[in-house]
Amino acid sequence: MRLFFALWPDDEVRARLAHWSRELHALCGGRPTRPENLHATFAFLGSVDDARVAEVERAAQEAAPRRFTLILDRPGYWKHNRIAWAGASVVPPGLDVLVSELRGALAKSQIRFDAKSFVPHVTLLREAREPGAMPAFEPIEWRLDGFALVQSVTLPQGSRYAIRKSWKV
């Protein structure tokens with residue numbers, strides 16, 4: 001199964017992200033992320049054998065969930081993969097610690113994950129055109145108190161993300 005660890009928004013944050021997505025879509029086109037799939041990945045595991053899921057969950061217990069606020073205050077565009085996103089210009093220290101602890105626990109347990117640098121963002125559009133200029137958006141204050149292990153389920157109409165387990169303060 002395909003797994004990843006993510007920050008999962010509440011309904012209010014999800015609605016505000018969906019609004020940003022619609023505004024960007026008007027400028028860039030592309031394929032919007034379905035609102036129910038909006039999230040911020042901080043450790044992508046990819047395919048994991050069913051037999052190892054319990055090990056993944058045990059490793060996650062070594063990362064202490066924290067309360068912090070992530071301010072999504074800047075839209076962005078990555079030309080190399082044609083993704084428009086909502087990002088944070090400042091990473092809260094609690095998020096840096098959480099990412100470090102979780103990735104360290106995964107490495108210690110010999111669970112493979114994509115180790116590229118963490119850039120806090122929510123993918124809003126895929127296959128988007130580069131906009132001439134990014135619009136200014138009202139910042140989104142995202143209060144967090146935990147994280148989730150999420151499974152990507154492939155369906156004929158696209159992927160659906162389902163929370164397998166979450167860790168809260």
Side-chain angles (χ1 to χ4, degrees), residues 2-10 13-25 27-48 56 59-60 62-107 111-152 159 161 163 166-167:
R2 289 175 51 88
L3 298 175
F4 59 91
F5 285 96
L7 305 174
W8 205 255
D10 62 25
V13 169
R14 185 176 308 286
R16 295 190 63 199
L17 286 166
H19 174 76
W20 274 35
S21 181
R22 287 188 298 276
E23 296 285 322
L24 282 172
H25 188 260
L27 292 172
C28 310
R31 185 170 43 90
T33 301
R34 294 193 335 235
E36 64 272 17
N37 281 350
L38 292 168
H39 68 280
T41 299
F42 63 93
F44 180 76
L45 306 181
S47 292
V48 175
V56 169
E62 293 185 35
R66 294 168 169 72
R67 290 187 201 284
F68 56 87
T69 300
L70 180 64
I71 305 293
L72 299 173
D73 58 357
R74 64 185 184 113
Y77 180 81
W78 286 318
K79 194 178 216 172
H80 70 282
N81 56 8
R82 300 177 57 211
I83 287 178
W85 47 268
S89 54
V90 175
V91 180
L95 178 54
D96 270 341
V97 172
L98 173 63
V99 171
S100 178
E101 283 181 0
L102 180 70
R103 288 179 171 201
L106 293 170
I111 297 166
R112 290 188 334 219
F113 61 94
D114 184 347
K116 70 181 169 211
S117 295
F118 173 64
V119 176
H121 74 283
V122 177
T123 297
L124 301 175
L125 304 170
R126 295 181 185 282
E127 301 165 16
R129 296 181 308 276
E130 184 172 12
M134 282 293 179
F137 288 115
E138 185 71 28
I140 298 171
E141 190 173 294
W142 185 359
R143 290 187 183 98
L144 291 145
D145 64 354
F147 63 96
L149 176 62
V150 183
Q151 180 178 353
S152 175
S159 293
Y161 300 146
I163 295 177
S166 56
W167 290 263

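In this text the structure is predicted, and so the values were computed from the model without any measurement.
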- [ ] Kindly compute the distance separating CG (L125) from OG1 (T33), expressed to the nearest 0.5 Å.
- [x] 7.0 Å

Task: From CA spacing to verdict: side chain to side chain contact (heavy atoms under 4.5 Å, CB included), L17, I140 - done: CA-CA 8 Å; L17 286 166; I140 298 171; 3.8 Å; yes

TODO: Please name the residue in the list F4, F5, F44 that meets the ring-ring contact (aromatic ring centres under 6.0 Å, His included) test with H39.
DONE: F4

TODO: Would you confirm whether R126, through its side chain, and R31, through its main-chain N or O, come within 3.5 Å as a donor-acceptor pair?
DONE: no

- [ ] Quick one: closest heavy-atom pair of P135 and L27, and the distance?
- [x] CD-CD1, 3.5 Å

Task: Parallel, tilted or perpendicular, as decided by the 30° and 60° cut-offs, for the rings of F137 and W20 - done: parallel

Task: CD-CG distance between E141 and L72, expressed to the nearest 0.5 angstrom - done: 10.5 Å

Open item on the list: Within this structure, what is the CG-CZ distance for the pair D114 and R103, rounded to the nearest 0.5 Å?
Closed with: 7.0 Å

Open item on the list: Do V119 and V91 make a side-chain contact, defined as non-hydrogen atoms from C-beta onward lying under 4.5 Å apart?
Closed with: no

TODO: Locate the shortest heavy-atom distance separating L102 from A43; write the atom from each residue and the value.
DONE: CD2-CB, 4.1 Å

Open item on the list: Donor-acceptor check, side chain of N37 to backbone of Y161, threshold 3.5 angstrom: yes or no?
Closed with: yes

Task: Point-to-point distance, once rounded to the nearest 0.5 Å, from NE2 of H19 to CG of L24 - done: 9.5 Å

- [ ] State, to 0.1 Å, how close P32 and S21 come at their nearest heavy-atom pair, and which atoms those are.
- [x] CB-OG, 4.0 Å

Task: Y77 backbone acceptor or donor facing E130 side chain under 3.5 Å - done: no

Open item on the list: I need the L144 CG to L95 CG distance, nearest 0.5 Å.
Closed with: 8.0 Å

- [ ] Without swapping roles, check the side chain of R34 against the backbone of S159 for a donor-acceptor pair under 3.5 Å.
- [x] yes

- [ ] Verify side chain to side chain contact (heavy atoms under 4.5 Å, CB included) between M134 and R74, making sure each step is shown before the conclusion.
- [x] CA-CA 9 Å; M134 282 293 179; R74 64 185 184 113; over 6 Å; no

Open item on the list: Please find the pair of heavy atoms, one from W167 and one from A148, that lie closest to each other, and give the distance.
Closed with: CZ3-C, 4.4 Å

Open item on the list: Quick check: closest heavy atoms across S47 and R2, and the distance to 0.1 Å?
Closed with: OG-CG, 4.1 Å

Open item on the list: How close do L124 and W85 get, counting heavy atoms only, and between which atoms?
Closed with: CD1-C, 3.9 Å

Open item on the list: Once you measure the plane-to-plane angle for F42 and F147, does it fall in the parallel (<30°), tilted (30-60°) or perpendicular (>60°) bin?
Closed with: perpendicular

- [ ] Working to the nearest 0.5 Å, report the span between CD1 of I111 and CG of L3.
- [x] 10.0 Å

